[in-house]
Protein chains: 2
Amino acid sequence: MREGIVAAAAELVFKSGARETSLDDVRHHVGASKSQLYHYCADKDEVPQAVIEFQGSRVIAEQQAELAAVNSWERLLAWRNKLVLLAEAYGKIGGCPMGSLANELAPYRQSHRTALTAGFQAGAGEIERALLALQACGALSAKFDPKSLSLLFLSTIQGGLLFAKLNGSAEALAKGLDQLIALIRNQE
Amino acid sequence: MREGIVAAAAELVFKSGARETSLDDVRHHVGASKSQLYHYCADKDEVPQAVIEFQGSRVIAEQQAELAAVNSWERLLAWRNKLVLLAEAYGKIGGCPMGSLANELAPYRQSHRTALTAGFQAGAGEIERALLALQACGALSAKFDPKSLSLLFLSTIQGGLLFAKLNGSAEALAKGLDQLIALIRNQE
DNA sequence: GCGAGAATGGACTGTCAGGTCCATTTATGG
DNA sequence: CCATAAATGGACCTGACAGTCCATTCTCGC
């Protein structure tokens, strides 16, 4: 039940924003009564917290296969394609599930910030591992620091998904990633 | 009077978010009565619209001196420094004034999207001009397309400022910009 | 089959925000 | 100095939403 509530909340929050989504919205969407909701959640602030964790693992799970398989530029491009595909499918609606939450909830609660930071670090870690693999097989120049580079990727993705949300098109994300990849690919 | 209302609204929205800022908050902050507010604004939706335009021109004005003066890598770095300085001063609080608004208001109203897109295009245009100047003086390789590159800069900045807001530090932005600049600087 | 505790339905309350309205005050032009 | 319109103060209405409460139903060990 709790999972259903969180999943519904995640969907609504993704579409309309955290502060815009009322508990009544979630309630109606999942077909639960008020007491059910308060049976599973202490208060309203618990919901975004749960949504952060939910989306954090979902977003990573969606890309892990592609990222873990990176051992060549082609495989990196496969990840890029997956990202653009996801952006085209969902990103135009709500941008990055984690980025939007971060933007909205960062000024609000320390616990939210902590959970969001953990999510982003996990994401950066996945990208870093892919870049390390790329260095191990000699594709990516050893002069790069995979950790910082992973943060640059994350920033680019966040920005790109923001524009996807704003313009309803993943083009900015695609172009940004392509340029970034081209830039690191052409360096000795 | 209207300017005062908009400026106060902009400040509060920057600190706490658009949907979080009530007209009463703005009212109290500027010391106006309810009828004054409704004398100058048709309804609540007019306020974010005005804030978008207000922040759009403010953000651009803040950087235009540095961007217009770019004619060498040093001058580009001066812009980078200004950006990091602004992020250190304000960005940790509310991230990018425009980016946060975009994130929150994009799902909401077409008129907001239009105004936000116009703001971002203006910003991208300024960056593009700087990059063109850099090509004109032979610093930046001619193989780059300044328009796409300006979008990559914008994405990186948006992402970096999101992390500034989340982590209370402009480090991610600084590192991101430095890496990006290094990448385009080392190419023929 | 029954009794205890969990799960549920939904009415109810308090608060807050958006918006309306009107009486009063303040400029402004003749 | 007055008439008119703009500007202001603030009471008031309405709806939405978070959260409470209690009566009822379900579930499960015994």
Side-chain angles (χ1 to χ4, degrees), chain A residues 1-55 94 100-101 103-113 115, chain B residues 1-55 94 100-101 103-113 115:
Chain A
M1 189 70 231
R2 184 164 205 271
E3 294 155 34
I5 294 173
V6 172
E11 187 188 332
L12 293 175
V13 165
F14 180 67
K15 279 199 289 203
S16 318
R19 313 293 296 173
E20 190 67 8
T21 303
S22 74
L23 290 183
D24 279 358
D25 292 338
V26 177
R27 227 156 61 71
H28 290 132
H29 197 260
V30 81
S33 76
K34 205 138 205 180
S35 34
Q36 275 184 74
L37 220 155
Y38 277 93
H39 186 76
Y40 294 106
C41 304
D43 57 14
K44 157 111 197 176
D45 284 344
E46 206 177 299
V47 177
Q49 188 75 23
V51 170
I52 292 172
E53 282 150 26
F54 178 86
Q55 295 284 34
S100 302
L101 284 168
N103 206 347
E104 215 172 341
L105 299 176
Y108 189 49
R109 287 204 157 236
Q110 180 57 46
S111 64
H112 296 158
R113 280 192 291 276
Chain B
M1 189 72 233
R2 184 164 205 274
E3 294 155 32
I5 294 173
V6 172
E11 188 189 331
L12 293 175
V13 165
F14 180 67
K15 278 200 289 205
S16 319
R19 312 295 295 174
E20 190 65 11
T21 302
S22 74
L23 290 183
D24 279 357
D25 292 338
V26 178
R27 227 156 60 71
H28 290 131
H29 197 261
V30 81
S33 75
K34 205 139 207 178
S35 34
Q36 274 184 74
L37 220 154
Y38 278 92
H39 185 75
Y40 294 106
C41 304
D43 58 14
K44 157 111 195 176
D45 284 345
E46 206 177 300
V47 177
Q49 188 75 23
V51 170
I52 293 172
E53 282 150 26
F54 178 87
Q55 295 284 35
S100 302
L101 284 168
N103 205 354
E104 215 172 342
L105 300 176
Y108 190 50
R109 286 204 158 237
Q110 179 58 47
S111 63
H112 296 159
R113 280 192 290 277

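Throughout, protein chains are lettered first and strands after them, A, B, ... in sequence-line order, and every chain is numbered starting at 1. Any value given below was found using the heavy atoms of this structure, including those in side chains, with hydrogens, waters and symmetry copies removed. This is a predicted model, so every value here is computed, not measured.
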- Item | Rounded distance in Å - CD (Glu46(B)) to P (dG18(C)) | 14 Å
- side-chain hydrogen bond (donor to acceptor under 3.5 Å, both in side chains) partners for Tyr108(A), two or more places apart: Asp45(A)
- Which nucleotide in the list dT8(C), dA7(C), dA7(D) gets nearest to the side chain of His39(A)? dA7(C)
- State which residues pass side chain to side chain contact (heavy atoms under 4.5 Å, CB included) with His29(A); sequence neighbours excluded, sorted by chain then number. Ala8(A), Glu11(A), Leu12(A)
- Residue pairs passing the salt bridge (Lys or Arg N to Asp or Glu O under 4.0 Å) test where at least one lies in residues 32-42 of chain B, sequence neighbours excluded: Asp24(B)-Lys34(B)
- Query: Please give, in whole Å, the distance from dT26(C) P to Met1(B) CE?
  - Reply: 16 Å
- Query: What is the distance, rounded to the nearest whole Å, between atom CG of Leu37(B) and atom P of dT8(D)?
  - Reply: 11 Å
- Item | Contacts of type side chain to side chain contact (heavy atoms under 4.5 Å, CB included), residue Gln49(B), not counting sequence neighbours | Glu53(B), Ser111(B), His112(B), Ala115(B)
- nucleotides 15-28 of chain D: protein proximity per nucleotide (B base, S sugar-phosphate only, - neither; heavy atom, under 4.0 Å): --SBBB--------
- Interatomic distance where CZ belongs to Arg2(B) and C1' belongs to dT8(D) [whole Å]: 18 Å
- Query: With sequence neighbours excluded, what pairs up with Glu46(A) under the side-chain hydrogen bond (donor to acceptor under 3.5 Å, both in side chains) test?
  - Reply: Arg2(A)
- Check step by step if side chain to side chain donor-acceptor pair (under 3.5 Å) holds for Ser100(B) and Asn103(B). CA-CA 5 Å; Ser100(B) 302; Asn103(B) 205 354; over 6 Å; no
- Message: OP1 or OP2 of dA7(D) versus the side-chain N and O atoms of Gln36(B): is any pair under 4.0 Å?
- Response: no
